[in-house]
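All remarks here apply to the structure that follows.
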Amino acid sequence: MKTALITGGSRGIGRAISLRLARDGVRVAVHYGRNDEAAKQTVAEIEAFGGQAFAIKAELSEPGAVARLWLAFDAQADGLDILVNNAAVIAPGPFSGQTEGQLDQLLKVNVQAPFFLIQQGLSRLRDAGRIVNITSGVTRIAFPEDVAYSITKGALSTMTLALAKELGPRGITVNSVAPGIVETDMNSWLADPVAAEAAASYSVFHRVGQPADVADVVAFVVSDDARWVTGQYVDATGGSQL
Ligand code: NAP
């Protein structure tokens, strides 16, 4: 049985990835930051259909969080096959008002944490393993509503390319999957019907994405069928702003 670690695997897109991989027969480490209840629910839902999962709590902006996360992982698993860097934070607001503190927080959670999770995870990740970084359509489509967030996703995308070459000799693939606008807690503004209609109009399918739309793409990228795909930006935006 393969083992996967999904950061931010308790809610939103990460939760959908956790559920999908568990349905595919993977044992899932559901990482989260603060919301114990959501993590408990995701693990319970997986166990309810006969899947295997366990939760790991680590607030990624705290010093030493990555090392603590891996120690907690080691206590419950023997090696890793799939790492999905999904956890991220956003700090919307005009460029003129974005603060040093906000940028620092975003860089810590969205860039530094994935960087060191991969670096410190390599001794656990088996050959022919999979790394997927969840980036965003903002690396293709200008998003001045959150310049700091966009920068972090660009950095993650660049890291993907460099590490694909670094880890190729071990048969490990490294790809990014980029969602467009997806209905999750991150986008609570979608509750406004006017905003939701505008968001739907970005996609050629004229709807907002659902977490499963992205999770199904991740399931392909981590499958054996995707063994010849690495260093790629996989657009999962529903054809947004083509
Ligand atoms: P979400 O609903 O806000 O869920 C975030 C998840 O990450 C939760 O499990 C949360 O755990 C965890 N997390 C957040 N900050 C953390 C921290 N500092 N330390 C540890 N864990 C933390 O997010 P989402 O909308 O599903 O987004 C998932 C990924 O997709 C992100 O990389 C995001 O940038 C990307 N994305 C999303 C959209 C979208 O429209 N939603 C679009 C493009 C890209 P707790 O609940 O415990 O805090």
Side-chain angles (χ1 to χ4, degrees), residues 5-20 28-43 45 53 55-66 68-69 72 83-92 102 104-114 116-117 132-141 143 145-146 148-157 159-160 176-191 195-196 198-200 202-203 207-215 217-218 233-238 240-241:
L5 168 64
I6 319 297
T7 69
S10 59
R11 290 193 293 115
I13 293 168
R15 176 177 176 278
I17 297 169
S18 296
L19 292 169
R20 171 63 205 261
V28 178
V30 177
H31 160 266
Y32 69 105
R34 293 173 188 202
N35 188 333
D36 300 311
E37 196 46 43
K40 220 183 276 178
Q41 272 179 22
T42 301
V43 169
E45 198 170 326
I56 298 180
K57 184 175 188 172
E59 166 52 56
L60 293 175
S61 63
E62 290 174 358
V66 168
R68 284 197 300 280
L69 191 161
L83 169 60
V84 181
N85 281 306
N86 164 79
V89 283
I90 192 160
Q102 278 174 330
D104 191 49
Q105 176 80 358
L106 262 66
L107 286 167
K108 274 197 181 117
V109 177
N110 300 3
V111 182
Q112 278 193 33
F116 289 110
L117 270 164
V132 178
N133 296 318
I134 304 298
T135 58
S136 168
V138 303
T139 60
R140 174 173 65 79
I141 305 158
F143 187 59
E145 291 82 356
D146 193 338
Y149 172 80
S150 302
I151 289 170
T152 66
K153 292 302 183 180
L156 197 53
S157 195
M159 183 159 71
T160 301
S176 65
V177 170
I181 299 173
V182 180
E183 201 174 330
T184 70
D185 297 340
M186 193 178 259
N187 290 329
S188 51
W189 53 270
L190 285 171
Y202 292 149
S203 162
R207 68 171 174 84
V208 166
Q210 293 302 313
D213 293 325
V214 180
V217 176
V218 172
Y233 164 90
V234 181
D235 189 297
T237 67
S240 287
Q241 307 278 70

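Note that the structure is a prediction, hence the values are computed from the model and not measured. Just follow the structure's listing: the first ligand is 1, and inside any ligand the first atom is 1. Reckoned from all heavy atoms, side chains included, excluding hydrogens, waters and symmetry mates.
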Specify the protein heavy atom at minimum distance from [atom]: its residue, its atom name, and the distance to 0.1 Å.
atom: atom 33 (C) of ligand 1; answer: Tyr149 OH, 3.5 Å
atom: atom 26 (O) of ligand 1; answer: Ile13 N, 2.8 Å
atom: atom 44 (C) of ligand 1; answer: Thr135 O, 3.2 Å
atom: atom 5 (C) of ligand 1; answer: Arg11 NH2, 4.0 Å
atom: atom 38 (C) of ligand 1; answer: Gly180 O, 3.7 Å
atom: atom 40 (O) of ligand 1; answer: Asn187 ND2, 2.6 Å
atom: atom 43 (C) of ligand 1; answer: Pro179 O, 3.3 Å
atom: atom 23 (O) of ligand 1; answer: Met186 CE, 3.9 Å

Before accepting this row, confirm whether a basic side-chain N of the pair [X]/[Y] lies closer than 4.0 Å to the acidic partner's carboxylate O.
X: Arg68; Y: Glu62; answer: yes
X: Lys40; Y: Asp36; answer: no
X: Arg207; Y: Asp213; answer: yes

Output the distance between atom [atom1] ([X]) and atom [atom2] ([Y]), rounded to the nearest 0.5 Å.
X: Ile90; Y: Phe143; atom1: CD1; atom2: CZ; answer: 5.0 Å
X: Asn110; Y: Lys153; atom1: CG; atom2: NZ; answer: 5.0 Å
X: Leu69; Y: His31; atom1: CG; atom2: NE2; answer: 5.0 Å
X: Gln105; Y: Leu60; atom1: CD; atom2: CG; answer: 10.0 Å

Donor-acceptor pair between Asn86 and Thr7 side chains, under 3.5 angstrom: no
Is the closest side-chain heavy-atom distance between [X] and [Y] below 4.5 Å?
X: Tyr149; Y: Ser136; answer: yes
X: Val28; Y: Thr42; answer: no
X: Leu106; Y: Val89; answer: yes
X: Thr184; Y: Pro211; answer: yes

[X]-ligand 1 polar pair, N/O distance under 3.5 Å:
X: Ala87; value: no
X: Tyr32; value: no
X: Val109; value: no
X: Gly8; value: yes
X: Ser10; value: yes
X: Leu60; value: yes
X: Val89; value: no
X: Asn86; value: yes

Within ligand 1, which atoms have a heavy atom of [X] less than 4.0 Å away?
X: His31; value: 20 (C), 21 (N)
X: Arg34; value: 45 (P), 47 (O), 48 (O)
X: Glu59; value: 17 (C), 18 (N), 19 (N)
X: Ala88; value: 14 (C), 31 (C), 32 (O), 34 (O)
X: Gly12; value: 2 (O), 26 (O)
X: Ile181; value: 40 (O)
X: Asn35; value: 45 (P), 46 (O), 47 (O)
X: Ala58; value: 19 (N), 20 (C)

Under a 3.5 Å distance rule, please check whether Asn35 uses its side chain to pair with a backbone N or O of Glu37 as donor and acceptor. yes
Mode of Lys153 contact toward ligand 1 - side chain, backbone, both, neither (heavy atoms, under 4.0 Å): side chain
Just heavy atoms, cut-off under 4.0 Å: does Thr184 contact ligand 1 by side chain, backbone, both, or neither? side chain
Run Thr160 and Asn133 through side-chain hydrogen bond (donor to acceptor under 3.5 Å, both in side chains) and show every step you take. CA-CA 7 Å; Thr160 301; Asn133 296 318; 3.0 Å; yes
Give a yes/no on ligand 1: does Ala16 have at least one heavy atom closer than 4.0 angstrom to it? no
Answer yes or no for Gln105: is there a heavy-atom contact with ligand 1 below 4.0 Å? no
Between Val84 and Ile134, does the side chain to side chain contact (heavy atoms under 4.5 Å, CB included) criterion hold? Intermediate values first, please. CA-CA 7 Å; Val84 181; Ile134 304 298; 4.0 Å; yes
side-chain contact (heavy atoms from CB on, under 4.5 Å) filter on Asp235, not counting sequence neighbours, yields Arg140, Tyr233, Thr237
